[in-house]
Structure formats: C-alpha cells, structure tokens
Amino acid sequence: MASVVNLDGRIVPPRDAVVSVLDRGFLHGDSVYEVIRTYGLRPFETGAHLSRLAHSAERIGLVLRWDLARTAAEITRTIEASRGGDVAVPGAAPWNVGERYVRVVMTRGAGEIGVDPALAADPLAIVIVQPLSGPAMEEYRHGVAARVVGVEHTGPRTVDPTAKTGSRIENVLAVREARAAGAHEALMLDRDGFVTEGATSNVFRVKGGRIETPPLASGILEGVTR
C-alpha cells in the first residue's frame, strides 16, 4: 500500500482523506504537527516528538484530539497499514530504502468562519504515512547547496517559535527562493545577520573539533535530533 492516511482513526488511501474546507488548519494554519521518520519501520524518538506536539498545542491553547498514548498507537497502526507497495528508487541511500515518512497533524477543528478560537468544534487528528524520500546517496557523499535567503527571523515572533504549527509561510518562501537559485536548502538569518536555522532543518557546524548549533534564544525550533 505504501501511502496511507489515518483520519480520526480511519485508515484510507490519500485520495479518500477528505478534510472540511471550514477546518481551521486549512483556513488559518490553526494546527500543530510533527514529522517522524522510521528506521526498520519503527518511528524514531516517538516520545520526544509527541512531547513536542503536546508542548506546541499547549503554547497555542489547542486541545489535542487524541492523548499521546493513543497518538503513538495510531502512528504504529498506520505504519503497519503502509507495508508493501514500495517502488525501488535508483541511487537511494540504503538506510532510507523501505522506510517511512510520518506526519502527525492535529487541528483545532472546523466551525463558523472567523479567527476566534471559540468558533472551533470537532478537533481533527491525522496521521499521514508515505515512503521516505531522503537525499540520494550521492548527496550524502558530496553534500548539497544551501543558500542564505532574504527571509529573516525578525523576532520576537507573534507565535512562540518553539511551537511547531501549521503556519509555515516564512519557510515556504525561504525554500522557494533557495530552489529558484538552484540550492537544496535555505539558510535563514536573524535581524543581526547571523544564521539561525534551515527552512526545513536545524543548522550545525564543526569548529575546532566541537559541534556547535545556534541557541534556542535565537528563535529557532528545538529539533528532536538537535
């Protein structure tokens, strides 16, 4: 099957995973999410990811549709439903072959149109599982291009940067600019011109035998691997 969607506990093909146009995740980005990869079809650091999901929800006052135990169980069930149907990808890194990309999305729900959160009803829980599309083996060997883009973290942000929400237009525009210039990843800056993070990644460097990464105080997302 490979690609499947768990929509409020019902596992369906992606084409049948229908969400209301009145859902606030669609209308306002009023949602939280996590992305998890698998190793050996086992999700990586589920506990840490779901703890961050709960933190994100708490920071924006969103009540999760499922508790964390139910969410973990639904992730496992959805991964199991995705087994089979993988297509061979030439040049893929061996540690990505047969693995899964898992995206967990929780929205505040649908309701009367308006920005007031009190208008929301029926919170929604979604788990999307599809084959992992990682960098090719050659890219692991030789690296990829990254570009400093004009989109900056001009902090402090309106939304807590530690909350991983569905409102990601800043990152979308950063990647758009980087890809237009032929780069794989966008590097984003703070208002002082220092690199803070990638549009889809945390940034690390090795200097003098030490691994360094920008501090959380710079307004970055606290990555699980970081």
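The first residue of the sequence shown is numbered 1, and numbering continues consecutively from there.
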Listed pairs under 3.5 Å, donor-acceptor, residues 207-216 side chains, sequence neighbours left out:
unit_1, atom_1, unit_2, atom_2, d
Glu212, OE1, Arg205, NE, 2.9
Glu212, OE1, Arg205, NH2, 3.0
Thr213, OG1, Val203, O, 2.6

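For the atom pair CD1 (Ile36) and CZ (Arg52), the distance works out to 9.0 Å, reported to the nearest 0.5 Å.
Using modelled atom types and a 3.5 Å distance limit, the side chains of Glu222 and Thr162 yield no donor-acceptor pair.
Put simply, the side chain of Val115 does not reach to within 4.5 Å of the side chain of Leu119, judged on heavy atoms. Proximity of Arg70 to Arg65: side-chain heavy atoms (C-beta onward) are nowhere separated by under 4.5 Å. Side-chain contact between Ile128 and Ile126 is present, with heavy atoms from C-beta onward closer than 4.5 Å.
Under a cutoff of 6.0 Å and an axis angle of 45°, Arg226 and Phe204 do not form a cation-pi pair.
The side-chain contact (heavy atoms from CB on, under 4.5 Å) search around Ala186 returns Val149, Ala174, Ala178, Ala199, not counting sequence neighbours. Partners of Glu45 according to the side-chain contact (heavy atoms from CB on, under 4.5 Å) rule, which considers only residues two or more places apart in sequence or in another chain, are Ala48, His49, Val224. By the side-chain hydrogen bond (donor to acceptor under 3.5 Å, both in side chains) test, Ser82 pairs with Arg100, sequence neighbours left out. Applying the side-chain contact (heavy atoms from CB on, under 4.5 Å) criterion to Thr107, with sequence neighbours excluded, gives Asp23, Ser31, Val105, Leu124. For Phe44, the ring-ring contact (aromatic ring centres under 6.0 Å, His included) test picks out Tyr39, with sequence neighbours left out.
Salt bridge annotation for Arg77-Glu74: present, with a cationic side-chain nitrogen under 4.0 angstrom from a carboxylate oxygen.
Side chain of Asp116 to main chain of Ala118: a donor-acceptor pair is present (N/O by atom type, distance under 3.5 Å, no hydrogens or angles).
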